[in-house]
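Below is one structure, written out as structure tokens; comments come after it.
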Amino acid sequence: MAARVKICGLTRPEDTALAAELGAWALGVIFADESPMRLSLERVVEVLAAVPEGVERVGVFVNADLREIAEAVEVCALTAVQLHGEETPGECLEVQKRTGALVIKAVPVADSQSLERVVQFDTDYILLDTYQPERRGGTGEVFDWSLAAALPEGFRSGRLLLSGGLTPENIAGAARLVRPFALDVSSGVEATPGAKDAERLRRLFENLMKAEA
């Protein structure tokens, strides 16, 4: 399987350091105004200070102004931008051109028709998350993974990030069924909103490694 792990919704430097130590492929911070885990530029610099070279530094935005995104990429040394709103394919391309960062486009999944949107976006990665009309991500709810598993194998292993309700208890099953490029985890390893639980983080990586072995 060899699925990578992205830990998102980070708000504390110690959580970032532990996730990186455990082998996270990417670490995410949130800039969206609507999120209780939103951080200022200054705080993001502190939270990501311990990220080693080679680990992706991801900023999550929702319908943000291009200038705001570009400033965050520069100030916080982000290597990837996750667009979690109603951004169009053209807007995603503009972010790519303006920042030079990798672009992850989030697509909410309610049913099989939701996946028809995937082909519209020529971004580096596509993130599939659970559709929830009142929240964008971090819902802690799982969608029907068989929908993702039905996508072409080359797309899944090369560009797909699977999100939505992933926990230490179900991470191995998700990896086995979908075989995505990466698994995106946030609320499933939290002690309280924004604060990661060190034991749950460790268990997440341990369970995934056991399944891969």
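Owing to the predicted nature of the structure, the values given are computational and were not obtained by experimental measurement.
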Ion pair present between Arg179 and Glu153, side-chain N to carboxylate O less than 4.0 angstrom? no
Of all heavy-atom pairs between Val60 and Cys8, which one has the smallest distance, and what is that distance? CG2-SG, 3.8 Å
I would like to know whether His84 and Glu34 meet side-chain contact (heavy atoms from CB on, under 4.5 Å); could you show each step before the answer? CA-CA 12 Å; His84 222 98; Glu34 63 193 59; over 6 Å; no
Are a donor atom and an acceptor atom from the side chains of Gln82 and Lys6 found within less than 3.5 Å of each other? yes
Give a yes or no on this: more than 12 heavy atoms of other residues, nucleotides or ligands lie within 6.0 Å of atom CG of Asp144. yes
List the atom of Leu83, the atom of Val95, and the distance in Å for their closest heavy-atom pair. CD1-CG2, 4.1 Å
Rounded to the nearest 0.5 Å, the CG atom of Leu201 sits from the CG atom of Asp15 at a distance of 6.5 Å
Backbone N or O of Gly194 within a donor-acceptor pair of the Arg12 side chain at under 3.5 Å? no
Within the distance-only criterion (no hydrogens, no angle test), does the side chain of Arg57 pair as donor or acceptor with the backbone N or O of Leu48 below 3.5 angstrom? yes
Are any non-hydrogen side-chain atoms of Arg200 and Glu190 less than 4.5 angstrom apart? no
Taking the side chain as every heavy atom from C-beta outward, state whether Leu18 and Arg202 have any pair of such atoms under 4.5 Å apart. yes
Looking only at heavy atoms, which two atoms of Cys92 and Val103 are closest? And how far apart? O-CG2, 4.1 Å
CD of Glu74: more than 12 outside heavy atoms within 6.0 angstrom? no
List in chain and number order the residues that pass side-chain contact (heavy atoms from CB on, under 4.5 Å) with Ser40, two or more places apart in sequence or in another chain; answer none if no residue qualifies. Glu42, Arg43
Stepwise, does the side-chain contact (heavy atoms from CB on, under 4.5 Å) test hold for Leu128 with Val178? CA-CA 11 Å; Leu128 298 184; Val178 181; over 6 Å; no
Hey, could you give me the CG/CD1 distance between Leu204 and Ile171, rounded to the nearest 0.5 Å? 4.5 Å
Would you kindly confirm whether Leu93 and Phe61 end up in one hydrophobic cluster when ILVMFWY residues are joined by side chain heavy atoms under 4.5 Å apart? no
Could you state the interatomic distance from CD1 (Ile7) to OG1 (Thr16), rounded to the nearest 0.5 Å? 10.0 Å
Electrostatic pair Arg203:Glu169 at N-O distance under 4.0 angstrom: yes
Any donor-acceptor N or O pair under 3.5 Å, side chains Gln96, Asp124: yes
Quick one: pull up CZ in Arg67 and CG in Asp65 and give me the separation to the nearest 0.5 Å. 4.5 Å
Once you round to the nearest 0.5 Å, how far does CG of Leu115 lie from CD1 of Ile126? 10.5 Å
Closest approach of Ser186 and Lys196, non-hydrogen atoms and distance? O-NZ, 3.2 Å
Can you spot which of Val81, Leu41, Ile69 makes a side-chain contact (heavy atoms from CB on, under 4.5 Å) with Phe31? Leu41
For the CG atom of Leu177 and the CG atom of Asn170, what is their distance to the nearest 0.5 Å? 11.5 Å
Nearest heavy-atom contact between Asp184 and Leu166 is O-CD1, 3.4 Å
Residues that, via side-chain heavy atoms closer than 4.5 angstrom, fall in one hydrophobic cluster with Tyr125: Trp25, Val58, Leu102, Ile104, Leu127, Leu161, Phe181
Would you confirm whether Thr99, through its side chain, and Val73, through its main-chain N or O, come within 3.5 Å as a donor-acceptor pair? no
What heavy-atom pair brings Pro168 and Asn207 nearest, and what distance separates the two atoms? O-ND2, 2.8 Å
